[in-house]
Amino acid sequence: MVDNPYLAHLPPSQRGAGPSYSSSSSEKEPLFGFLPRKVKGEQVRKAMEHHLNPFTKLPHSAQYRKILEARRALPVYSQMDEFLEIFSKNQIIVMVGETGSGKTTQIPQFVTYSDLPHTKGKLVACTQPRRVAAMSVAQRVADEMDVQLGKQVGYSIRFEDMTEAGTTFLKYMTDGMLLREAMNDKELSRYSTIILDEAHERTLATDILMGLLKNLVKRRKDLKIIVMSATLDAVKFQSYFSLHDSAAGEEPSPAPLFKVPGRTHPVEIFYTQEPEPDYVEAAIRTVLMIHRAEDPGDILLFLTGEEEIEDACRKIKLEADDLLNTDPSSVGPLMCVPLYSSLPPQQQQRIFDAAPKPSQEGYPPGRKVVVSTNIAETSLTIDGIVYVVDPGFSKQKVYNPRIRVESLLVSPISKASAQQRAGRAGRTRPGKCFRLYTEKDFISELEEQTHPEILRSNLANAVLELAKLGIKDLVRFDYLDAPAPETLMRALELLNYLAALDDEGELTALGGVMAEFPLDPQLAKMLIVSPEFKVSNEILTITAMLSIPNVWLRPPNQRAAADQAKAMLTVPEGDHLTMLNVFNNYSQNKHDRNWAWNNFLSARALAQAENVRAQLLRTMEKYDIDVISLEDEKKRNLGIRQALTCGFFMHVAHKEGEKGSYLTVKDNQVVALHPSCGLDSQPEWVLFNEFVLTKRPYIRTVTEVKPEWLLEYAPVYFDLASFPEGETKRALQRVANKRRGISNGGGEETRPRKKPKKEKN
DNA sequence: GAGCACTGC
């Protein structure tokens, strides 16, 4: 007798024991004799070579056998027995596999053979930080398993669920998607094994999932977890997931490690003798040095942003053309390609173009130089790169909880990041990496790992998600790296002002609905309350427009024309209304395929807005939030601005002095309207979508509001008794007095609104 | 009179 609880679900032929199976079972049943989670490598290899596909019961295709050959050559394949043994014996495993080990495609399949999720109606999930990765890996694995994508093997990403309920048992998904699922099923009961891939990237979603899963495995003894990482920071994961039976008084023992070598070519590293004062100049010089002196092979140069990249491309091209003209017989032609995310996809494709041919037969071959942001470090791989130039910087997000601002800062990269960059030179053959800093600085100045996102972000959204997940004590939640207490306080404070959390920190009914929207809390709040102003249809559009990248295009050689086109669509009352106007015009001109381009707007971004809007609309319908509109344009615009105030009352600035400078309410930051702002005047009170810290502090996407609304819709935040002293408070006091006068029966004569006095800075 | 590292729901 077998007492394994899973076996009851299996057809008799798969139970492996008992009198009822026929002797030909293994002929028809490739998984004959497989005991869930007790499967051996030998059995799996046999099943893989079986003429029948164990999951479809159809004969394997010729393509399957060809792919299987290639799989056998992967480093991880030769360690199948070791993996299956560790998997059988442990609930949590930490796995380290360098690039090229095959872990992302193979491990989930090994797990499937051992876990047999299809026999118990469960799934194996494998998370990825990026959508494209989830999609492309799922396709590859479907091919390897000889099944149709979306059937046994599928993927799930925002806007696209490529799975079939009851059929799919291996699902690749984005980490954010699994987090969303956890909000509605805290036990993640659909899954028998969860694999967190690329855990070393430490995305916010993966970090929160690790905390959740660490807790969940205590309750769900049948759930297995595999944390997969590319770098050697595994010790940290191992001790975080250490098994600790406090009741038995045992010492915690680290989670077991399963390690697989990578398969890349060696990369020789060069450092500079002295620190380089100007890294862009040094980078250009190095690229040209490689071009003149090194063997054929393409170059990848890492810089920090669009402007720097475009500038460097121009200079490299100029110098390289010069070299070619002076000495065409000893140096080949050079092609320089920029790469950053806001580049249209068509131009991004240029990185895959072949290097130019020799200028003349018998002359040196051409060379391709890709000048890229960090996008080439993780998201995009370019084959044929032999030389990497690494100045050692990237733009990184930093969050300052004191002034509640996220900004981008050019900062030194980490050792792990430098290693990843160097690895890009060894994908096809041995390569070289030129680091534009000294070896001493590499050893002593660079941090081991990039700070995880959870330490660099505004956590308002994450805290709302955690509250929805039922985490009561957010400060003592078991984070792999705990965020600064002040960051958590800021998030709790914001959610309390928005009435998503009550004064005890408990999630309110409103907060529960807010968490259902894939939006920042302010946006969610404004969308949910918008039916009260009868403008939810418009707020829905504005919310979608605020959730996508900038729609305005401004080609360097057509700036005047672009500005003119923008002026045509601008609504002077505020940038939010302009966004609404842009979207509505786009919708009305769908028949004209060139409309977006003719108006200097990004068709890609507008299509994204449409997608987001449709998704938000579905969530609104699910929670019976009316989608309504006002006929009268004046009333409608007024309602929109009032609804905006309900979400963004903490993002208000008051004009101080005549020079167009504003002070943010409460924080008293001196800010200016961003030059992209379309207001035709400088109203006394404005609401803004974001505070950006670039050359100066700016507020961007701005709309005029009335101070009465602030007092009415956010009385707690604008409680004058506790308001910081200053001109803003005095201005609010005047409004409050006036309102009191009116509500007292209008006996007092309304005082004229004073203009703010000039103030010296 | 300026900008957009990169993701994700």
Side-chain angles (χ1 to χ4, degrees), chain A residues 127-134 156-161 173-184 198 201-209 302-310 338-343 372-380 393-398 406-411 413 417 420 450 452-454 456-457 461-462 464-465 468 514-521 523-524 543-544 547-556 559-560 562-563 566 602 605 608 611-612 615-616 618-619 660 672-678 690 692-700:
Chain A
T127 68
Q128 297 293 321
R130 284 168 291 278
R131 284 187 214 158
V132 270
S156 176
I157 59 175
R158 187 181 185 180
F159 306 126
E160 202 183 354
D161 182 12
M173 65 203 300
T174 44
D175 49 8
M177 204 68 201
L178 186 61
L179 192 55
R180 286 259 131 205
E181 283 189 11
M183 295 196 327
N184 291 312
E198 315 290 0
E201 288 195 28
R202 302 292 305 279
T203 64
L204 197 43
T206 294
D207 264 30
I208 294 174
L209 282 169
F302 286 101
L303 291 177
T304 65
E306 173 176 348
E307 197 181 326
E308 210 173 79
I309 288 169
E310 292 291 354
L339 177 64
Y340 42 89
S341 77
S342 59
L343 212 58
S372 172
T373 61
N374 254 6
I375 194 170
E377 196 181 299
T378 48
S379 309
L380 271 169
F393 292 96
S394 72
K395 276 190 190 170
Q396 286 166 33
K397 185 169 72 180
V398 285
E406 277 182 350
S407 47
L408 286 171
L409 221 66
V410 174
S411 324
I413 60 170
S417 193
Q420 177 76 12
T450 311
E453 203 183 355
I454 199 166
R456 297 185 284 118
S457 310
N461 224 333
L464 181 61
E465 280 164 8
K468 178 84 178 183
M514 282 167 62
E516 290 292 329
F517 286 91
L519 293 170
D520 279 343
L523 290 170
T543 305
S547 308
I548 51 131
N550 184 17
V551 293
W552 307 101
L553 300 177
R554 206 162 177 249
R559 289 197 176 161
D563 291 349
K566 186 175 177 184
S602 160
Q608 274 180 54
N611 238 339
V612 173
Q615 190 192 28
L616 297 175
R618 284 194 294 275
T619 310
L673 299 183
H674 193 273
S676 66
C677 174
E690 56 179 351
V692 288
L693 200 58
T694 48
K695 283 183 182 158
R696 290 171 58 190
Y698 285 110
I699 50 177
R700 194 159 56 188

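Throughout, protein chains are lettered first and strands after them, A, B, ... in sequence-line order, and every chain is numbered starting at 1. Remember, predicted model here, so these are calculated numbers, not experimental data.
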TODO: Anything under 4.0 Å to a heavy atom of chain A counts; send over the first and last such nucleotide of DNA chain B, read 5' to 3'.
DONE: B:dG1 to B:dC9
TODO: Describe the nucleic acid contact of A:Tyr340 in one word from base, sugar-phosphate, nothing, applying a heavy-atom distance below 4.0 Å.
DONE: sugar-phosphate
Open item on the list: Using the side chain to side chain contact (heavy atoms under 4.5 Å, CB included) criterion, which residues pair with A:Gln608? Sequence neighbours excluded.
Closed with: A:Ile548, A:Pro549, A:Arg604
- [ ] Hey, which sits more toward the 5' end of DNA chain B by its nearest nucleotide, A:Ser676 or A:Glu465?
- [x] A:Ser676
- [ ] Scan A:Asn374 against the nucleic acid and name what it touches under 4.0 Å (heavy atoms): base, sugar-phosphate only, or nothing.
- [x] nothing
Task: Qualifying residues under side chain to side chain contact (heavy atoms under 4.5 Å, CB included), relative to A:Gln420, sequence neighbours excluded - done: A:Glu377, A:Arg424
Open item on the list: At 4.0 Å (heavy atoms only), tell me whether A:Leu179 reaches a base, stays on the sugar-phosphate, or touches nothing.
Closed with: nothing
Open item on the list: Judged by each residue's nearest nucleotide on DNA chain B, which is more toward the 5′ side, A:Leu408 or A:Leu519?
Closed with: A:Leu408
TODO: Check every strand shown and say whether A:Arg131 touches a base, only sugar-phosphate, or nothing at a heavy-atom separation below 4.0 Å.
DONE: sugar-phosphate
Task: Pairing residues for A:Glu310 by the side chain to side chain donor-acceptor pair (under 3.5 Å) criterion, not counting sequence neighbours - done: A:Tyr340
- [ ] Find the distance between NZ (A:Lys468) and CZ (A:Arg180) and round it off to the nearest 0.5 Å.
- [x] 9.0 Å
Open item on the list: Applying a 4.0 Å non-hydrogen cut-off, can you work out what A:Arg158 is touching in the nucleic acid: base, sugar-phosphate, or nothing?
Closed with: base
Task: Point-to-point distance, once rounded to the nearest 0.5 Å, from CG of A:Leu380 to OG of A:Ser341 - done: 10.0 Å
- [ ] Look at all strands and tell whether A:Thr373 reaches a base, only sugar-phosphate, or nothing, counting heavy atoms closer than 4.0 Å.
- [x] sugar-phosphate
TODO: Just call it for A:Ser394: base, sugar-phosphate, or nothing, with non-hydrogen atoms closer than 4.0 Å on any strand.
DONE: nothing
Open item on the list: Once salt bridge (charged side-chain N to carboxylate O under 4.0 Å, His left out) is applied, do any residues pair with A:Glu160, and if so which ones, sequence neighbours excluded?
Closed with: none
TODO: Mind checking A:Arg202 for me? I need base, sugar-phosphate or nothing, with any heavy atom below 4.0 Å counting as a touch.
DONE: nothing
Open item on the list: Classify A:Glu306 by what it touches in the nucleic acid, base, sugar-phosphate, or nothing, heavy-atom distance under 4.0 Å.
Closed with: base
Task: Set of residues satisfying side chain to side chain contact (heavy atoms under 4.5 Å, CB included) with respect to A:Glu406, sequence neighbours excluded - done: A:Lys397, A:Tyr399, A:Ser457, A:Asn458
